[in-house]
Peer 1: 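The structure is given below, and queries will be raised subsequently.
The model shown is predicted, which means the values in this text are computed figures rather than measured ones. Worth knowing before you read on, the calculation uses all heavy atoms, side chains too, and leaves out hydrogens, waters and symmetry mates.
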Amino acid sequence: MFSTFAIRSRKVSAGVIAAAALGGSLFAAAPVQAAPPTRPYGTVVATTGIVERAFPTTDSSVRGILKHHGQAALRCKVRAQDVGGNPIWYMLRDRATWVSAKYIESTGDVPVCKAVTGKAPEATPATRAAVG
């Protein structure tokens with residue numbers, strides 16, 4: 001009787017170990033959801049595109065154009081000239097130009113610019129730290 005019990009317990013033990021190994025591998029194979037982007041981006045929603053400006057005002061010189069559905073990496077935002085009821089302007093991350101938030105649908109939290117000067121920011125650790 002003892003030998004039958006020992007054989008059955010070994011079978012149960014082997015079955016438990018196999019089930020645990022299989023269950024662990026199934027758990028490990030479960031897809032991991034992608035984390036949201038850490039940096040904010042925006043999509044141009046204006047059908048005619050949007051003008052990039054040197055400063056956050058429509059009186060400022062034109063520096064470029066973003067097309068409809070174009071993607072823009074956003075560095076920071078400020079309150080400036082009101083455009084169609086929206087006073088927020090975004091500074092683009094890859095160049096020192098501004099676009100009105102009225103025509104940009106942003107994803108992620110866009111930090112507030114700590115300081116806005118008349119010259120283009122340099123890509124140094126100090127200037128990156130100064131951006132909210």
Peer 1: Testing the basics here: between T58 and R53, what is the closest heavy-atom pair and its distance to 0.1 Å?
Peer 2: O-NH1, 3.1 Å

Peer 1: What residues form a side-chain hydrogen bond (donor to acceptor under 3.5 Å, both in side chains) with R79, not counting sequence neighbours?
Peer 2: none

Peer 1: Could you state the interatomic distance from CD1 (I88) to CG (D82), rounded to the nearest 0.5 Å?
Peer 2: 9.5 Å

Peer 1: Examine distances only and state if a side-chain atom of W89 and a backbone atom of Q81 form a donor-acceptor pair shorter than 3.5 Å.
Peer 2: yes

Peer 1: Just jot down the side-chain contact (heavy atoms from CB on, under 4.5 Å) partners of K102, sequence neighbours excluded, or say none.
Peer 2: V83, N86, S100

Peer 1: T97: which residues meet the side-chain hydrogen bond (donor to acceptor under 3.5 Å, both in side chains) condition with it, sequence neighbours left out?
Peer 2: E52

Peer 1: Using side-chain contact (heavy atoms from CB on, under 4.5 Å) as the criterion, list what pairs up with S106, not counting sequence neighbours.
Peer 2: L74, Y90, V110

Peer 1: Name each donor-acceptor pair under 3.5 Å that joins a side chain in residues 42-51 to protein atoms two or more places apart or in another chain, with its distance.
Peer 2:
unit_1, atom_1, unit_2, atom_2, d
T43, OG1, Q71, NE2, 2.9

Peer 1: Do you know which two heavy atoms are closest between W98 and C113, and how far apart they sit?
Peer 2: CH2-SG, 3.9 Å

Peer 1: With no hydrogens and no angle check, is any side-chain donor or acceptor of R93 less than 3.5 Å from a backbone partner on P40?
Peer 2: yes

